[in-house]
Each structure stands twice: as structure tokens, then as C-alpha cells.
Asks: 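Once you've had a glance at the structure underneath, I'll fire off some questions.
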Amino acid sequence: MTTKIDSNVTVQPSAEEPVEGVWFALPRGFTSLPLRTLVAPAGSPEAVQRDESLAHILASAPDEVSRQEFTATLAVLHHMLRSVQVQGTAHCAVGLHRDDTEGGSDAALLSLFTVSWTETSWAPRGVTAARALVTAEGHTRIEYGEVPCGPAAFSEAVRTPTAESGLSAAPLLQIHGHLPHPDGTALVLLTLSTIAAPRREQYRALLRQIARTVAFEDPFAEPQGSARS
């Protein structure tokens with residue numbers, strides 16, 4: 001899967017709409033979906049909308065086995081999303097990328113990208129980024145750094161569905177980006193989830209590059225006194 005997005009980003013009209021005060025760009029291969037459609041019960045109008053939106057992903061599968069794998073992966077991601085819905089999730093997108101890395105199988109890889117807000121007590125932004133991971137359980141490969149919008153922390157976690165969920169036991173890899181808001185009282189969590197754990201380096205690079213597009217001020221706003229041509 002290709003992880004360079006600087007020359008591979010398509011800015012759509014919807015990019016001018018903030019997700020609760022944060023702006024970002026997604027590379028090709030991601031389809032943004034209203035959160036309510038992914039958590040809607042089967043048979044509801046929202047579920048019908050979801051199924052129609054995902055139809056092209058299933059149709060792109062090279063064979064029936066791949067379609068079954070996609071369906072199973074979607075079930076895992078759907079279960080996960082329902083569990084985090086109340087935790088400030090504001091945006092989600094389904095990603096479909098070809099495993100075109102050296103030694104890759106050329107198979108299609110499925111992922112879920114989410115954006116969530118977390119309120120925090122005030123602290124300098126660097127402290128907030130570090131503090132976000134102090135109590136995080138099961139997070140590994142923790143790194144701190146800077147992106148254009150400010151301090152950031154990155155981490156990984158692997159989740160395994162419980163036997164009670166009835167889902168495949170395939171581990172779910174989650175790559176996280178923690179980006180404090182400039183006001184010091186909130187933090188944006190970017191999460192990229194997939195069962196394609198062998199491609200963790202590529203997904204980690206992909207999330208980092210998405211993080212580099214994040215802005216907390218409208219990048220499309222016109223300077224005062226000017227007009228859009």
C-alpha cells in the first residue's frame with residue numbers, strides 16, 4: 001500500500017466543513033461515512049444508506065473469498081465503532097488500499113479511520129500529549145514529536161475481540177495519533193484500525209501523514225478584507 005499522500009490527496013468540497021473544530025485531509029482510498037450509518041441497526045434507513053455506500057468496496061473484491069474477508073472485517077470494525085460511539089467520535093471513514101508494497105500479496109486491505117475528541121484539564125500542549133498516554137493501557141511504540149499543528153504523540157494498541165462478541169479472533173491493530181488543541185483543554189485522537197497487522201509500518205506512516213494535514217483553524221478561510229475569486 002502506498003503511504004505517500006502529499007501528491008496523492010484529493011481535496012473535496014466536504015473538506016471545507018470542520019469536524020467539530022478540526023480540519024484534515026484524507027488520501028485516496030478512503031470513503032467518509034456518517035457515523036450514524038455505521039452504528040445503525042440492520043434494516044433501518046441509515047443501515048440501507050451504509051450498505052449502499054459500502055457496496056462499491058465489496059464489488060471491488062477480486063473473488064468471493066475476498067468479499068467474505070471484507071464482510072468479516074467490517075463486522076469487527078462495526079462492533080468496535082459501536083463500543084466507542086459514546087467517547088466523542090465525530091468522524092469515520094472506511095479505507096480500501098492495495099497491498100502493493102515489496103513482497104505484498106496485491107490483495108485489498110480494509111481499515112477504519114476515526115476522529116474523536118477528549119476533554120482534558122488545562123496544561124501546556126506538550127504535557128497534554130504526553131499525559132494522554134500515561135494511563136493508556138496496552139499502548140506500545142509510543143513516540144512524541146511535532147506536526148504542523150503542534151505537539152503530537154503516536155502509539156499502537158492491539159485489541160482481540162472477546163469470545164462473547166461472536167466475531168473473528170483476528171487481532172485488531174489500532175494506530176493512534178494524539179493531537180492537543182491549542183486552547184489546552186481538549187485533545188483530538190486520530191485512530192486507524194485494521195486487521196492487516198503485518199502492514200503496521202505502512203499504516204503507521206499513513207496516520208502520521210494524515211496528522212500532518214490537521215489544522216485547528218479553518219485553512220480555507222479568507223483573510224479579512226479579501227474575497228474568494
Asks: Tell me the closest heavy-atom pair linking Leu133 and His178, and the distance in Å.
Replies: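 The pair with the smallest heavy-atom distance is CD2-NE2, 3.3 Å.
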Asks: Decide yes or no for Pro151 and Glu146: does some side-chain heavy atom of the first lie under 4.5 Å from some side-chain heavy atom of the second?
Replies: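 Pro151 reaches Glu146 side chain to side chain.
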Asks: State whether the number of non-hydrogen atoms from other residues, nucleotides or ligands found under 6.0 Å of Glu143 atom CD is greater than 12.
Replies: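 More than 12 heavy atoms, drawn from other residues, nucleotides or ligands, come within 6.0 Å of this atom.
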Asks: What heavy-atom pair brings Cys149 and Arg125 nearest, and what distance separates the two atoms?
Replies: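 Scanning both residues completely, I find the closest heavy atoms to be O-NH2, 2.5 Å.
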Asks: Side-chain contact test, heavy atoms from C-beta onward, threshold under 4.5 Å: evaluate it for Ser32 versus Phe113 and give yes or no.
Replies: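 Answer no - side chains too far apart.
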Asks: May I ask whether Ile210 and Phe216 are part of the same hydrophobic cluster, defined by side-chain heavy atoms of I, L, V, M, F, W, Y residues being less than 4.5 angstrom apart, directly or through others?
Replies: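 As far as the 4.5 Å side-chain criterion goes, Phe216 and Ile210 are connected within one cluster.
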Asks: Which of parallel (below 30°), tilted (30 to 60°) and perpendicular (above 60°) describes Tyr203 and His97?
Replies: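 Tyr203 vs His97 ring planes: perpendicular.
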Asks: Honestly curious: do Val147 and Leu206 fall in one hydrophobic cluster under the side-chain, below-4.5 Å linking rule?
Replies: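 Linked, Val147 and Leu206 end up in one cluster.
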Asks: Any side-chain heavy atom of Trp23 sitting closer than 4.5 Å to one from Asp218?
Replies: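 When only atoms from C-beta onward are counted, Asp218 and Trp23 do touch, with a gap below 4.5 Å.
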Asks: On the 0 to 90° scale, with breaks at 30° and 60°, tag the Trp117-His181 ring pair as parallel, tilted or perpendicular.
Replies: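 Rings of Trp117 and His181: tilted, 30 to 60°.
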Asks: Quick one: does Leu192's side chain get under 4.5 Å of Thr194's, heavy atoms only?
Replies: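 When only atoms from C-beta onward are counted, Thr194 and Leu192 do not touch, as no gap falls below 4.5 Å.
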Asks: Are the side chains of Thr120 and Arg131 in contact, using a 4.5 Å heavy-atom criterion?
Replies: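 The answer is yes, as the side chains (C-beta and beyond) meet within the 4.5 Å cut-off.
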Asks: For a side-chain contact (heavy atoms from CB on, under 4.5 Å) with Val214, tell me which candidate from Val115, Val188, Leu190 qualifies.
Replies: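 The residue from Val115, Val188, Leu190 that satisfies side-chain contact (heavy atoms from CB on, under 4.5 Å) with Val214 turns out to be Leu190.
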